Amino acid sequence: MQKINIVCVGKLKERFFADACAEYLKRLSCFAAVKVEELPERRTLAEEAELILPRMRGAAVVLAVEGKGLSSEALAETMKGYAAAGKEVTFVIGSSCGLDARVKERADLLLSFSAMTFPHQLMRVILLEQVYRAFMINAGREYHK
């Protein structure tokens, strides 16, 4: 079973975001061992980087607006490639202030979900849904259509 780590700066404050994340984590449990790690916000991005960098294991996929945009199918292919190589995957979601350059430099993939800016709490829900969708695509199931 593939290991997926999601490293997030900040906590989910609204119940509806927490409920949505819990639902996707439940759905993902048949495909992967998913671990979500919430890190506290710090005064500077450099201080947050000190917490993030040691947690970036395996293939590091860092969410960044300037990153590469992928379709759901392309993300599924990327995830399939990591799984075939036996790599665990760490997704990183920064705080509302962004990410330190060192975190972005460590990334194997800078991934953009849109040129728009989303709240980092909502981004966690979107990321979990897209990771679930990727597994469903790779399993040949109908969910993704």
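By convention here, the first residue in the shown sequence is residue 1. Everything numeric here is computed off the predicted structure, so don't read it as measured data.
Phe91 pairs by the ring-ring contact (aromatic ring centres under 6.0 Å, His included) definition with nothing, not counting sequence neighbours. Lys11 is linked by a salt bridge (Lys or Arg N to Asp or Glu O under 4.0 Å) to Glu38, counting only residues two or more places apart in sequence or in another chain. Remark: Lys26 engages Glu23 in a side-chain contact (heavy atoms from CB on, under 4.5 Å) (not counting sequence neighbours). For Lys35, there are no side-chain hydrogen bond (donor to acceptor under 3.5 Å, both in side chains) partners two or more places apart in sequence or in a different chain. Remark: Phe113 pairs with no residue by the ring-ring contact (aromatic ring centres under 6.0 Å, His included) rule, at least two apart or across chains. Judged as a side-chain contact (heavy atoms from CB on, under 4.5 Å), and not counting sequence neighbours, the contacts of Ser72 are Gln130, Arg133, Ile137. Taking Glu41 as the reference, nothing meets the side-chain hydrogen bond (donor to acceptor under 3.5 Å, both in side chains) condition, with sequence neighbours excluded.
For Asp100 against Ala49, the heavy-atom pair with the smallest separation is CB-CB, 3.6 Å. Between Val125 and Cys21 the shortest heavy-atom distance is CG2-SG, 3.7 Å. Of all the heavy atoms in His120 and Gly94, the pair that sits closest is CB-O, 3.5 Å. Among all heavy-atom pairs drawn from Leu122 and Phe17, the shortest one is CD1-CE2, 3.7 Å. The shortest heavy-atom contact between Gly58 and Arg106 is O-NH2, 3.2 Å. The nearest pair of heavy atoms linking Gly67 to Ser112 is O-CB, 3.4 Å.
Contact check for Gln121 versus Glu14: side-chain heavy atoms found under the 4.5 Å cut-off. Contact annotation: the side chain of Phe135 never approaches that of Arg27 to less than 4.5 Å [non-hydrogen atoms, C-beta and beyond]. In this structure, the side chains of Val34 and Ser29 stay at 4.5 Å or more apart for every pair of heavy atoms. Counting heavy atoms from C-beta on, the side chains of Val36 and Cys8 come closer than 4.5 Å. Side-chain contact check for Ile4 versus Glu88: every heavy-atom pair is 4.5 Å or farther apart. Between Val89 and Gln2, some side-chain heavy-atom pair lies under the 4.5 Å cut-off.
In the hydrophobic clustering (ILVMFWY side chains linked at under 4.5 Å, chained through shared members), Val65 stands by itself. Residues Val7, Val9, Leu39, Leu51, Ile52, Met56, Val62, Val92, Leu99, Val103, Leu110 make up the rest of the hydrophobic cluster containing Leu53, defined by ILVMFWY side-chain heavy atoms closer than 4.5 Å, directly or through other members.
Taken to the nearest 0.5 Å, the OG1 atom of Thr90 stands 9.5 Å off from the CD1 atom of Ile6. Here the CG-CG distance, from Leu128 to Leu25, works out to 5.0 Å after rounding to the nearest 0.5 Å. Rounding to the nearest 0.5 Å gives a distance of 9.0 Å between CG of Leu63 and CG of Leu109. We find the CE-CZ distance between Met123 and Phe118 to be 6.5 Å, quoted to the nearest 0.5 Å.
Residue pairs that meet the side-chain hydrogen bond (donor to acceptor under 3.5 Å, both in side chains) test with at least one member in residues 47-57, sequence neighbours left out, are Asn5-Arg57, Glu37-Arg55, Arg43-Glu47, Glu48-Ser95, Glu50-Arg102. Pairs passing the side-chain hydrogen bond (donor to acceptor under 3.5 Å, both in side chains) check and including a residue from residues 59-70, sequence neighbours excluded, read Glu66-Lys104.
Hydrophobic clustering (side-chain heavy atoms under 4.5 Å, transitive across Ile, Leu, Val, Met, Phe, Trp, Tyr) keeps Leu28 apart from Met1.
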Can you give each donor-acceptor pair under 3.5 Å made by side-chain atoms of residues 77-85, sequence neighbours left out, with the distance rounded to 0.1 Å?
from, atom 1, to, atom 2, distance (Å)
Glu77, OE2, Lys80, NZ, 3.4
Thr78, OG1, Ala74, O, 2.9

TODO: Please lay out, stage by stage, how Asp108 and Val61 fare under the test side chain to side chain contact (heavy atoms under 4.5 Å, CB included).
DONE: CA-CA 6 Å; Asp108 294 289; Val61 179; 6.0 Å; no
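Between the side chain of Asn138 and the backbone N or O of Ala76, at least one donor-acceptor pair lies under 3.5 Å.
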